[in-house]
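Below is one structure, written out as structure tokens, with a few remarks after it.
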Amino acid sequence: MPPPTSEVPYGTLDLLVLKTLALGPLHGFGIARRIEQVADGALALNQGTIYPALLRLEQKGWITSEWGTSENNRRARFYRVTKRGLKQLAAETANWARTVAIVNRLLESES
Amino acid sequence: MTRLRVLLARMAAMFAGRRRDDQLSDEIATHLDLLAAEYRRRGLADADARAAARREFGGVEQVRQTYREQRRLPSIDALFQDVRYGARLLARDRGSTLAAIGILTLGVGSTVVMADMLDRLLLRPPSHIDAPDRVRRVYDHVEGGTPQAMITNYVTFERLTAGLTKELSHAAVYLEERIGYGQGPGASRFRVISHSAEYFDALGLKPALGVLPGRGRAPAAETAVISHALWQQRFGGTDDVLGRTMRLGTRVYTIIGVTPPGFTGIDTEPVDVWLPIEARGEKALFREWRTSDAYFMFRVVARLRPGVDRVQAEAHASTVFNAGLSPAWFDGKTRSYRIYFGDLAAARQPGRTDEVRVVLWIAAVSGFVLLIACGNVGNLLYVRGLRRGRELALKTALGATRLRLLREILTEAGLLALLSSAVSLMFVLTAGTLVRRFFLPSAITAVVPIDGRLVALTLAICVTATFLLGLLPALRLTTRASLAPGRAAMQERPSRLLDLYIALQVALSVPLVVGASLFALSFWQARHVNFGIHTSNIAVVTTDMVEAGAGADSHAAHRRIEAQLRRLPQVKSVAAVMLVPMVGGMVYHFDIPGVNLAGKHMGPFVNGVDASYFDVMGVRMIAGRAFTGAENVAGGRPVLVINETMARTYWPHESPLGRCIRVGDPDKPCAEIIGIAANNPMWPALDALPRDAPMLYFVPIEQYSAISWSRALLVRTREAPGRVLGQLRSQAQAAGADLPYIDVWAFDDVFNPALRPLRLGSTVFVVFAALALLIAGVGLAAVTAHGVTRRTRELGIRLALGADPTRLVRLVLGRSLGAVLGGLVCGALLSYFGERLIRSFLFGVKEGDPRLFATGVLTLLVVSALAAYLPARRAGHVDAAEALRTD
């Protein structure tokens, strides 16, 4: 029986992609795979939806891209996080941590 | 900040093209390959691996779609799409598109041109005047009369303005003159304004060059200010014109200033030169012009102080005027006057003139034409929309919302609007110039031809009209009922809306046609009024020897000119007169021995004429005879001819022939009355009856040449003088190099001011009626054609079953003409009530004359029948097989 899956919220996908790229440049397939690995099946992600997300991030200036060759010798676009993107990531992560902390505190306070 | 960056990126992507989208395809292909490779590694067969990869990836098309929408701005994309589609539709239906643009141009263009004329005539003040609403022309209004621009003497002017210093900051008088410049063949005549010291101050004008005289800057008597146009044309537009001299008449003036470009005075004729009154002084004016209250020759203009209430100022002025400044009347009684500070433009004076009313009517008429044009274009758009019924239904079935369809239809209408606006603007600029030159007095046309407001108005009307017209059909075409699946694209039920459009156009066209015939008939009648003398084919030739300083030579000079003119083959005969009939009148002291003259009658007018006058002017002799050439010499036998009114007045019961009248000095011999001439009106009013003409008598001109230097020649030409005026002038000028400028003009020009409203009305009405007929005809043709197309299948079946083609044609025709008939009835009613409104302009036309209405209705019927018949003919030729195939 497969573990419960949940749809990835719109904004969160952007965050996940940023985080993935912070570890190093990847192409679209690579990013999708990475995210799935980390989530370990807990996320249902249509791999195709990566591309609009990547476009959004590029439009916001948080990542850039350039052409390269993939493992199977085909042309692929490799994405890389920018300095601005890293700043954004740091800010978002801090935000997320703060939210989680607040929620945890609330949950723990009811005893 | 990030949002802005995203927006910019998306905008940039609008221009970047499809390359990025293609690259995405590459990316996706790579992605799918990698996925498939993975699945293959796990052991799946190639085809299964690919399928699994596809599944995991998700919908490729959807990704592509989302990507595209994210990359660009979808709303603008949709707009471009609509525009491209709309343009394609317009191009495909070239015929009706061109028709719509043409019709809209005619309708909008004529309205805007008329609005411009109205603006120039009524709304726009003369240019370069500072605060024009404070500059006022003084009018006087005697009880029982109509307000007239005040013409007064200098003494009254000074006293009046002295009592109004609180209300007026500046006041000036001026008079218009025409002074000759140069001699011989190169001579010309300038329009001159002789003005008092504060004229330019009252107007608040700033010079283009030099100075303009004013209070505190009193000019030397011999200085002149010239107009900008004159400066450019005669003095080369160079700066050294200041200080140069020009000789006008007998005196020499130094130029000290140039008025700004576009300013041509405050009256209807453009002014060339402004001179101080002191310069004109005794030579042209009377010596006591400044001190006497007898010389009524000046117009008055004044500037109100800021903050002064005009109505209060008028009341105060009236009080001052009535307290001893109002003129005495010939019957000794004083009358109460009211003073107005009216607008500078004569067209806007208190109490509207006929001309202004006609222009207002023309504006209303052009509004009609605009309505007809809009109705027509509405037709066309609606018919086009109906043809797209199936396509719209299909789109709805595929998921288009009503809003989306509306946007599509409106975009098409918008494109049409833009195209029509562009064409209309060009039309307005070219036609407008022609119209202005034709109709308006020259001063007004001299002003700037293009006005930003005009452009804005054209665009506004075009866009509004097209959008509104596009909206109504669009709304109707996209209602759920008409788009319901299964309903045939061509609606079987004939459209009520189209019938309404047609009826509206016809109804509006009928009054236009009737109005046109009324005006045209009036104009024709007015031009053929019998005044008792010849008025056509007569030219007036005269020159002002007084201006040349040789007044005593006036008669001799005119005799020389007469001799020259007789040589021309186009000249039938020439008569010499002291005064041109219907232009001036003079009185001499006279005495009738044996008749008591104490009296109430206005002194008889007198004119000196030669023997051929009666023949040249076609004056009929009722009794006796005219004088002969032998009698018409200095010192000849004293004879004269009187007119009917004079005979009736002084000799009511007996014949005046043989009686005598003493003219001029009492020691002159008594002149014998040898003939009675038929009456003719003294003044050129269209409704002046010869029967009511005042008393007039004729003396031989050569016998009285010592009394008056005034002389003019009346030339009877073989053809209409308009064509030969130039030849007459050059021939006359050749009579002597010392002659100043010789004026030549057609005698019946004297009726022009009275005829102008009728001429204007009839020309414009006829043009607009023709336009309306054209537009309505095209609209009807379009609708009938659509009707035939709509019923193609039905007609084809009928033909195949053996129906008579003529009957089918009649069927289609009957349908169209039904609406026309409805329109005709409404139109006839409209005409009937409309005629009442324009009755005051008409001349010689019986009220409610049914013949004219019948003509109007019939014309429309004929035009409509023709317009409907041509497309209806197709109904009889529908190919049956073809018809069954369409649906």
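Naming convention: chains lettered A, B, ... in sequence-line order (proteins, then strands); numbering from 1 in each chain. Just so you know, these numbers use all the heavy atoms, side chains as well, and skip hydrogens, waters and symmetry mates.
Residues of residues 73-89 of chain A that come closer than 4.5 Å to chain B, counting heavy atoms only, are A:Arg74, A:Arg75, A:Ala76, A:Arg77, A:Tyr79, A:Arg84, ordered by residue number. Interface with chain B: from residues 24-32 of chain A, residues A:His27, A:Gly28, A:Phe29, A:Ala32 qualify, criterion being any non-hydrogen pair under 4.5 Å.
With respect to chain A, the highest number of heavy-atom pairs below 4.5 Å among B:Arg68, B:Gln23, B:Arg55, B:His31 belongs to B:His31. For the set B:Arg3, B:Arg10, B:Gln62, the count of heavy-atom pairs under 4.5 angstrom toward chain A peaks at B:Arg10. For the options B:Thr2, B:Val60, B:Asp33, heavy-atom pairs under 4.5 Å to chain A are most numerous at B:Asp33. Looking only at heavy-atom pairs under 4.5 Å with chain A, the residue among B:Val6, B:Leu24, B:Leu8, B:Leu34 that has the most is B:Leu34.
Counting non-hydrogen atoms of neighbouring residues, nucleotides and ligands closer than 6.0 angstrom, the OH atom of B:Tyr85 exceeds 12 such neighbours. Atom CZ of B:Arg404 sits in a crowded spot, with more than 12 heavy atoms from other residues, nucleotides or ligands closer than 6.0 Å. Residue-environment remark: CZ (B:Arg94) stays at or below the threshold of 12 foreign heavy atoms within 6.0 Å. Within a 6.0 Å radius of CH2 in A:Trp96, other residues, nucleotides and ligands contribute 12 heavy atoms or fewer. By the 6.0 Å contact criterion, NZ on B:Lys395 is enclosed, its count of non-hydrogen atoms from other residues, nucleotides or ligands being greater than 12.
Using modelled atom types, no side-chain atom of A:Gln47 and backbone atom of B:Leu35 make a donor-acceptor pair closer than 3.5 Å.
Annotation: the span from A:Arg33 atom CZ to B:Glu56 atom CD amounts to 4.5 Å, rounded to 0.5 Å. Rounded to the nearest 0.5 Å, atoms CD (B:Gln70) and OH (A:Tyr51) are 16.0 Å apart.
When every heavy atom of B:Val63 is checked against every heavy atom of A:Thr49, the shortest pair comes out as CG2-N, 4.3 Å. Counting all heavy atoms, side chain and backbone alike, B:Tyr67 lies closest to A:Leu55 at O-CD2, 3.5 Å.
With a 4.5 Å cut-off on non-hydrogen atoms, B:Arg20 touches chain A through its side chain but not through its backbone. Only the side chain of B:Glu38 has a heavy atom closer than 4.5 Å to any heavy atom of chain A.
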